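First the structure, in the form of structure tokens, and then the observations on it.
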Amino acid sequence: MTKTYLAHGISVIVEHPFKTSEEVQQYQDLAKQYEVPMYKFQLYTTPEVAFQRVITRQQDSEDKVSEDRIRRNIGLFTKRDDFTGIDTTSLSSGEVAQTILSAITN
């Protein structure tokens with residue numbers, strides 16, 4: 001689908017926790033093929049803030065993820081050197097969006 005969008009000049013945003021470098025490479029190859037810039041951002045925060053955000057986000061949900069599962073998932077996080085990291089600990093979602101927009105429009 002990404003290839004089709006790029007072929008038609010449509011920008012693509014991929015919200016995905018890439019598991020392997022090969023997955024990232026596929027997108028990098030497409031960006032090169034279609035001569036479009038590729039920006040890679042990784043949002044992160046402290047484990048404590050991440051935990052609280054998940055708890056708050058699922059407050060009204062009937063299908064809650066267990067606290068053990070939340071902690072396990074948070075523990076799997078690793079920073080990627082090949083992405084631009086954005087520490088969201090003290091940023092609002094609007095500030096994060098503005099940070100990204102500033103980076104891609106300069």
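All values reported here derive from a predicted model rather than from experimental measurement.
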Compute whether any side-chain donor of one residue and acceptor of the other, for Asp68 and Ser66, lie under 3.5 angstrom apart.
no

Other residues, nucleotides and ligands only: do more than 12 of their heavy atoms fall within 6.0 Å of CZ on Arg53?
yes

Where is the tightest heavy-atom contact between Thr89 and Asp87, given as atom of each residue plus distance?
OG1-OD1, 2.5 Å

Ala50 and Thr45: which non-hydrogen atoms are nearest, and at how many Å?
N-CG2, 3.5 Å

Any non-hydrogen side-chain atom of Glu95 less than 4.5 Å from a side-chain atom of Gln98?
no

Closest heavy-atom pair and its distance - Tyr39, Ala103:
CE2-O, 4.1 Å

Taking atom NZ of Lys3 as the centre, does the number of heavy atoms from other residues, nucleotides or ligands within less than 6.0 Å exceed 12?
no

Does atom OH of Tyr5 have more than 12 heavy-atom neighbours from other groups under 6.0 Å away?
no

Min side-chain heavy-atom separation Ser21-Gln28 under 4.5 Å
no

Once rounded to the nearest 0.5 Å, what's the spacing between atom OG1 of Thr105 and atom CD1 of Ile100?
11.5 Å

Any donor and acceptor pair, going by atom type alone, linking the side chain of Gln42 with main-chain N or O of Phe83 inside 3.5 Å?
no

For a 4.5 angstrom cut-off between non-hydrogen side-chain atoms, does Arg80 reach Val24?
yes

Taking atom CG of Asp82 as the centre, report whether more than 12 heavy atoms of other residues, nucleotides or ligands fall under 6.0 Å from it.
yes

Here the pair of heavy atoms bringing Ile70 nearest to Gln58 is CD1-NE2, 3.6 Å

Verify the cluster assignment for Val96 and Ile104: are they in a single hydrophobic cluster under the rule of side-chain heavy atoms below 4.5 Å apart?
yes

Identify the residue among Lys32, Gln25, Gln26 that makes a side chain to side chain donor-acceptor pair (under 3.5 Å) with Asp29.
Gln25

With a cut-off of 6.0 Å (strictly less than), are more than 12 heavy atoms of other residues, nucleotides or ligands near OH of Tyr27?
no

Could you check if a side-chain atom of Tyr34 sits within less than 4.5 angstrom of a side-chain atom of Thr2, using non-hydrogen atoms only?
no

Looking at Ile13, I want to see if its CD1 is surrounded by more than 12 non-hydrogen atoms of other residues, nucleotides or ligands under 6.0 Å.
no

Does the side chain of Ile86 come within less than 4.5 Å of Leu91's, by heavy atoms?
yes

